[in-house]
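As structure tokens, the structure follows; a few thoughts come after it.
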Amino acid sequence: MKVKDKVLEYLINSGGSVSGEEMAKSLGVSRNAVWKSIKALQSDGYDICGVNNKGYILKNDNDILSGQAIKKRLESSLMGRELIVLYETASTNNYAKELAAKGAAEGTAVIARTQTGGKGRLGRSFFSPADKGVYISVILRPGCTAESNILITSMAAVAAARAIEKVCGGEVRIKWVNDLYMNGKKICGILTEALLDFESGIPEYIVLGIGVNVKKTEFPGELKSIASSLENETGESISKAEVAAQILNELDKLYKNFESGGFLEESRSRSNVIGKDINILKGSEKYRAKAVGIDNRGGLIVDCGGARSVLYSGEVSVRVIENEG
């Protein structure tokens, strides 16, 4: 761990003022190294004050994502025990896939304060402004068949919904299979990607990406009418570190037995699609149906003119049809 990270951890755990001399002695470094670390942390955006005869104080209203702040809140046995926090990356999913290909442990989590090329489903982008959200990707190695991947996404949606409600209250609904809504606005997106072993049909790894809009945000263009953030919807100040930690904690609880599908009843009860008329887009094909349920594999059961089918493919997009005049 870098000296800067050690100093930040010390300040977080101290809960008050601490002298440079005390930190230097405890960490086994020079006072100059502590001073340089304080300056670097201040440059990163941390509000650290130096008080005469008292030392340094990390203000309580800091809400910059750091491994130290997240780990302090972690209760998981697997998720996030290996934690990488970046200021900026093109995509946390891409970063995690590179780590997974090199053998990174299951449960390794990559979190970024901003993404320059955040990824959504079907080749779309995910709006990821600096220090406004939680952009997290977790490496999984479940050893299940590719058909179980949709259960991973459904599990993640329930875990993220639980985490968000735990942190800020408010009701979170799920739009099958990977979007979370609050007050009718999208506040979270999920993207699951896998590297498949074609001989066994079992993924070598799965990267689960979750992006949550947290802080007050002005959304550009067409996003204004469909997207929002937790602070926009609740009017409350929300801790990004708390959101990140609780997502990892809730994932940890559900992942242990995810193949049982025990979370699917909650997925059904949270659905904002079941019972609605929808448009289904699959490639260039578009047709209308009614969403009638979610099966025990996480697929969306739809009724099209009396004929029922189940949607599983990640290449399918579902759009709820609003009231038509």
Side-chain angles (χ1 to χ4, degrees), residues 88-94 111-137 153-154 156-157 160-161 163-165 168 170-193 207-236 238 240 243 247 270-291 300 302 311 313-325:
E88 178 182 287
T89 189
S91 158
T92 57
N93 262 30
N94 285 351
I111 301 177
R113 288 167 60 182
T114 184
Q115 298 181 109
T116 57
K119 299 166 65 177
R121 289 179 66 245
L122 306 178
R124 303 187 186 103
S125 62
F126 188 88
F127 183 57
S128 312
D131 293 323
K132 294 294 187 180
V134 169
Y135 318 117
I136 179 171
S137 296
T153 307
S154 297
I164 290 167
E165 288 185 352
C168 67
E171 184 182 48
V172 178
R173 309 288 287 174
I174 299 172
K175 175 178 173 288
W176 188 89
V177 60
N178 66 315
D179 291 336
L180 271 57
Y181 280 68
M182 183 179 284
N183 300 330
K185 294 287 190 73
K186 179 178 173 179
I187 46 90
C188 173
I190 298 168
L191 177 65
T192 306
E193 299 182 282
V207 168
L208 172 62
I210 301 175
V212 185
N213 305 324
V214 179
K215 310 305 284 186
K216 288 184 178 179
T217 306
E218 288 290 332
F219 291 88
E222 63 179 16
L223 289 179
K224 286 183 178 180
S225 62
I226 59 176
S228 190
S229 73
L230 303 186
E231 288 195 358
N232 285 4
E233 294 307 310
T234 65
E236 302 291 334
I238 309 296
K240 298 191 297 294
V243 171
I247 286 174
R270 289 184 180 275
S271 175
N272 65 357
V273 170
I274 293 175
K276 302 285 184 65
D277 290 323
I278 59 175
N279 280 324
I280 300 170
L281 291 82
K282 188 174 183 180
S284 59
E285 182 184 5
K286 175 181 175 180
Y287 59 97
R288 182 167 176 160
K290 185 170 185 175
L300 184 67
V302 299
L311 305 179
S313 172
E315 297 305 309
V316 173
S317 180
V318 170
R319 297 179 183 174
V320 176
I321 299 172
E322 303 298 338
N323 295 332
E324 300 175 331

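Values in this document were obtained by computation on a predicted structure and should not be read as measured data.
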Applying the side chain to side chain contact (heavy atoms under 4.5 Å, CB included) test to Trp176, which of Ile274, Asn272, Leu300, Thr153 qualifies?
->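 With Trp176 as partner, Ile274, Asn272, Leu300, Thr153 yield a single side chain to side chain contact (heavy atoms under 4.5 Å, CB included), made by Leu300.
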Drop me the distance from [X]'s [atom1] to [Y]'s [atom2], to the nearest 0.5 angstrom.
{"X": "Lys286", "Y": "Asn279", "atom1": "NZ", "atom2": "CG", "value": "4.5 Å"}
{"X": "Lys175", "Y": "Lys276", "atom1": "NZ", "atom2": "NZ", "value": "11.0 Å"}
{"X": "Tyr135", "Y": "Ile111", "atom1": "OH", "atom2": "CD1", "value": "12.5 Å"}
{"X": "Ile210", "Y": "Ile247", "atom1": "CD1", "atom2": "CD1", "value": "5.0 Å"}
{"X": "Arg288", "Y": "Ile278", "atom1": "CZ", "atom2": "CD1", "value": "10.5 Å"}
{"X": "Ile136", "Y": "Lys240", "atom1": "CD1", "atom2": "NZ", "value": "13.5 Å"}

My understanding is that only residues two or more places apart in sequence, or in another chain, count here; which of them pass side-chain hydrogen bond (donor to acceptor under 3.5 Å, both in side chains) with [X]?
{"X": "Asn232", "result": "Ser229"}
{"X": "Thr114", "result": "none"}
{"X": "Ser154", "result": "none"}
{"X": "Arg270", "result": "Glu165, Glu266"}

Residues in ring-ring contact (aromatic ring centres under 6.0 Å, His included) contact with Phe219, at least two apart in sequence or another chain =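 Phe219: ring-ring contact (aromatic ring centres under 6.0 Å, His included) contacts with Phe127.
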Enclosure of Lys290 NZ (heavy-atom neighbours >12, cutoff 6.0 Å) =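 Not buried by this count: 12 neighbours or fewer within 6.0 Å.
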Tell me, yes or no, whether the heavy-atom count around Glu285 atom CD, taken from other residues, nucleotides or ligands under 6.0 Å, exceeds 12.
->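 Correct, the count exceeds 12.
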Can you list the steps and then say if Asp131 with Lys215 is a side chain to side chain contact (heavy atoms under 4.5 Å, CB included)?
-> CA-CA 8 Å; Asp131 293 323; Lys215 310 305 284 186; over 6 Å; no
Non-neighbouring partners of [X] that pass side-chain contact (heavy atoms from CB on, under 4.5 Å), sequence neighbours left out:
{"X": "Ala157", "answer": "Ile174, Leu180, Ile190"}
{"X": "Lys185", "answer": "Ser228, Glu233"}
{"X": "Ile238", "answer": "Val167, Cys168, Val214, Leu230, Glu231, Thr234, Glu236, Val243"}

Got Leu191 and Asn178 here, is their nearest side-chain heavy-atom distance under 4.5 Å?
->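 Not in contact.
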Evaluate side chain to side chain contact (heavy atoms under 4.5 Å, CB included) for Ile164 paired with Met182, printing each intermediate quantity in order.
-> CA-CA 10 Å; Ile164 290 167; Met182 183 179 284; 4.0 Å; yes
Lys186: salt bridge (Lys or Arg N to Asp or Glu O under 4.0 Å) partners, not counting sequence neighbours =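 For Lys186 the salt bridge (Lys or Arg N to Asp or Glu O under 4.0 Å) partners, ignoring immediate neighbours, are Asp179.
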Looking only at heavy atoms, which two atoms of Ser137 and Gly209 are closest? And how far apart?
->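 Shortest heavy-atom contact: OG-CA, 3.8 Å.
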